[in-house]
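Scroll down for the structure; my scribbles are underneath it.
Every chain is numbered from 1 and lettered A, B, ... according to where its sequence line falls, protein lines coming before strand lines.
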There are 2 protein chains.
Amino acid sequence: MDSSLYTCNSCQHKLCAGRVSLFTSLDTEQLMQVMKLIVHKEYKKGELLLYEGEVRNDLVIVNKGQVKAFRNTADGKEQILYIFSEGDFFGEKNLLRDQASNYAVEALEETHVCIIRKDDFQNLVKQYPDIGLKVMEVLCQRLDRLENTIENMGTRTVSARISSVLLEFAEKFGKESPQGIIIDLPLSREGIANYIGLTRETVSRKMSSMQDEGLIEMIGNKKILLLNKAALEKSIE
Amino acid sequence: MDSSLYTCNSCQHKLCAGRVSLFTSLDTEQLMQVMKLIVHKEYKKGELLLYEGEVRNDLVIVNKGQVKAFRNTADGKEQILYIFSEGDFFGEKNLLRDQASNYAVEALEETHVCIIRKDDFQNLVKQYPDIGLKVMEVLCQRLDRLENTIENMGTRTVSARISSVLLEFAEKFGKESPQGIIIDLPLSREGIANYIGLTRETVSRKMSSMQDEGLIEMIGNKKILLLNKAALEKSIE
DNA sequence: CTTTGACTGTGACCTGGTTCACGTTTTCCA
DNA sequence: TGGAAAACGTGAACCAGGTCACAGTCAAAG
């Protein structure tokens, strides 16, 4: 296919809709139709895309960059629930009913999103039922992930929890290299701590000891090299 | 409507399908059609309805009774993820693809279920798109609940977590009474502990102290009287 | 390239929850 | 209905992870 067909000025010449798994069942012409419904928006690092408690009537699809979905707890802590990156979406809860968001969403870096109005999306679902099934599939995956997280937080040791996050990130953000898998961390140490319900210090200490054991190697603060994936996997069984 | 229309021998003369929110959008005739697709099954307390890792190709709807969905962790602990009761369903993950269950399901008491084959259900969804939307809605509610649970387990104190469960159970299993809300607990102390990632002893101790503070009153092991719902709600803010 | 603020690592101490142990109570079902 | 088995409550000791404090390091912006 000619990639110029997918051109869209607001998206740096990527047909955002076409790269999102939600719309993989559509052909080019249908995609062009979807494109007309989409509004684009850009956010700088640290900007909020969605406030906790905000009621929106649209679906937001991440086209470039990364965001974190999190809640602020009464005692001033932060619980990170999701990292959304290219192709992920949020706001699916307002597809069915107008509901206040139970988390805030903040850009972790320069982020571009595609926004589609609730009504338009509902019509799309009616026209192309496969899209609805895709949404359902993603929701089920998200349930899977949360179920795992709950098991981790409820019953696992600290090192198992950290191994678990590292493997999750390796899956999502890792690149193969001769020495092992290099992970571009989406979160700081503190962010990781807030993702798995620990403190920055504990994460720091455990990762240091994992490095001493030869399991991982920390490269600056933003990268980690997984030297022994198998051992990590074993430790969370 | 004449209730005899809803009669079904296997269901003790309740039209199981009609009582499930999934099918509320259907009329009587459509319900009768759904009924033909349904197989019934009964389980005694302690019986397993689903094994961890099992691959099924059907959707299970609880018609009577209660079940717990849980995972056994490596260190011999149990993490309870859901309590399903009348009207709840599970197995939705294999509506989309054949996937191994990541939890086991066990009857907490005598339980009757309605089972509908994956293919049949998919056809129903195609025929009545509202059913698909209902499934999506339930999945979103389930996400909400898990997101709350994760915040609880990640950042909250023990008493806040217990208050939170009690309020959840009050919502789902509570009955108003002159003194307060009486909760028929679906779980033992140990079960509650496994639901919120604590030990039996800790739950026991905290509930005793909550009783001393006049917040709750324990009636035997299976009932709890909420004397001061407002105070509990305040404690988890 | 340098500066500045944010992030990270680590030691010492503290605390809340787990573990272990055991006596009591409740539940269930034969 | 009685008796076994399961569930519960509670004390004491322990310890993993949190808290606090501070020094070292990194990285983004000018």
Side-chain angles (χ1 to χ4, degrees), chain A residues 44-47 68 73 75-80 106-110 152-163 165 184-213 216-224 235, chain B residues 44-47 68 73 75-80 106-110 152-163 165 184-213 216-224 235:
Chain A
K44 285 199 280 288
K45 176 175 175 176
E47 274 189 293
K68 66 174 175 183
T73 57
D75 49 345
K77 289 181 186 171
E78 173 181 302
Q79 177 65 50
I80 297 178
E106 181 186 319
L108 292 170
E109 58 186 48
E110 165 99 11
N152 272 339
M153 309 215 333
T155 65
R156 296 279 167 87
T157 65
V158 165
S159 11
R161 283 199 252 174
I162 293 180
S163 301
V165 186
D184 270 295
L185 293 173
L187 296 174
S188 66
R189 297 284 180 282
E190 179 154 30
I192 293 173
N194 291 339
Y195 190 52
I196 55 179
L198 297 171
T199 59
R200 177 180 69 76
E201 292 92 331
T202 302
V203 172
S204 221
R205 275 188 256 270
K206 286 293 168 182
M207 290 197 0
S208 293
S209 72
M210 287 168 83
Q211 181 163 247
D212 294 345
E213 291 166 38
I216 62 174
E217 189 181 324
M218 304 191 247
I219 307 164
N221 290 333
K222 295 258 153 189
K223 285 187 200 297
I224 281 187
S235 76
Chain B
K44 284 199 281 286
K45 177 176 176 176
E47 274 189 291
K68 67 174 176 183
T73 58
D75 50 345
K77 288 181 186 171
E78 172 180 302
Q79 177 66 50
I80 297 178
E106 180 186 319
L108 292 169
E109 57 185 49
E110 164 100 13
N152 273 339
M153 305 205 354
T155 66
R156 295 280 166 85
T157 64
V158 165
S159 9
R161 282 199 251 173
I162 293 179
S163 301
V165 184
D184 270 297
L185 294 173
L187 296 174
S188 66
R189 297 284 179 283
E190 179 152 29
I192 292 172
N194 291 340
Y195 190 51
I196 54 180
L198 297 171
T199 58
R200 177 180 69 78
E201 292 92 329
T202 301
V203 171
S204 221
R205 277 189 256 270
K206 286 291 171 186
M207 290 199 356
S208 293
S209 72
M210 288 168 82
Q211 180 162 247
D212 293 345
E213 291 166 35
I216 61 173
E217 191 182 322
M218 304 191 247
I219 306 166
N221 290 334
K222 293 260 151 187
K223 284 186 203 297
I224 282 187
S235 77

Give every donor-acceptor pair under 3.5 Å between a side-chain atom in residues 197-205 of chain B and any protein atom, sequence neighbours left out.
unit_1  : atom_1 : unit_2  : atom_2 : d
T199(B) : OG1    : T202(B) : N      : 3.4
T199(B) : OG1    : T202(B) : OG1    : 3.0

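- By the side chain to side chain donor-acceptor pair (under 3.5 Å) test, R189(A) is found to be paired with no residue, residues two or more places apart in sequence or in another chain being considered.
- First and last contacts of DNA chain D with chain A, using any nucleotide atom under 4.0 Å from a protein heavy atom and ordered 5' to 3', fall at dG17(D) to dA27(D).
- Evaluation of the side chain to side chain donor-acceptor pair (under 3.5 Å) rule for D212(B) yields no partner, not counting sequence neighbours.
- The separation between L185(A) atom CG and dC7(C) atom P is 14 Å, rounded to whole Å.
- In terms of the salt bridge (charged side-chain N to carboxylate O under 4.0 Å, His left out) criterion, residue partners of K68(A) (sequence neighbours excluded) are, by chain and number, E78(A).
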### Task
For I224(A) and L185(A), run side-chain contact (heavy atoms from CB on, under 4.5 Å): C-alpha distance rounded to whole Å, both residues' side-chain angles, the deciding distance at 0.1 Å, then the answer.
CA-CA 7 Å; I224(A) 281 187; L185(A) 293 173; 3.9 Å; yes
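- Take K223(A) and apply the salt bridge (charged side-chain N to carboxylate O under 4.0 Å, His left out) test, not counting sequence neighbours, and it matches D184(A).
- For E106(A), the salt bridge (charged side-chain N to carboxylate O under 4.0 Å, His left out) test picks out no residue, with sequence neighbours left out.
- By the salt bridge (charged side-chain N to carboxylate O under 4.0 Å, His left out) test, K222(B) pairs with no residue at all, sequence neighbours left out.
- Contact annotation: T199(B) reaches the phosphate of dT18(C) (side-chain N/O to OP1 or OP2, under 4.0 Å).
- A search for side chain to side chain donor-acceptor pair (under 3.5 Å) contacts involving S235(B) returns S163(B), not counting sequence neighbours.
- Rounded to 10 degrees, the angle between the two end axes of the helix from dC1(C)-dG30(D) to dA30(C)-dT1(D) is 70°, with five pairs used at each end.
- A heavy-atom distance below 4.0 Å to DNA chain D is reached by these residues of residues 201-209 of chain B, ordered by number: E201(B), S204(B), R205(B), S208(B).
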Tabulate protein N/O versus nucleotide N/O from nucleotides 23-30 of chain C, keeping only pairs under 3.5 Å, one per line.
unit_1  : atom_1 : unit_2  : atom_2 : d
dT27(C) : OP1    : N221(B) : N      : 3.4

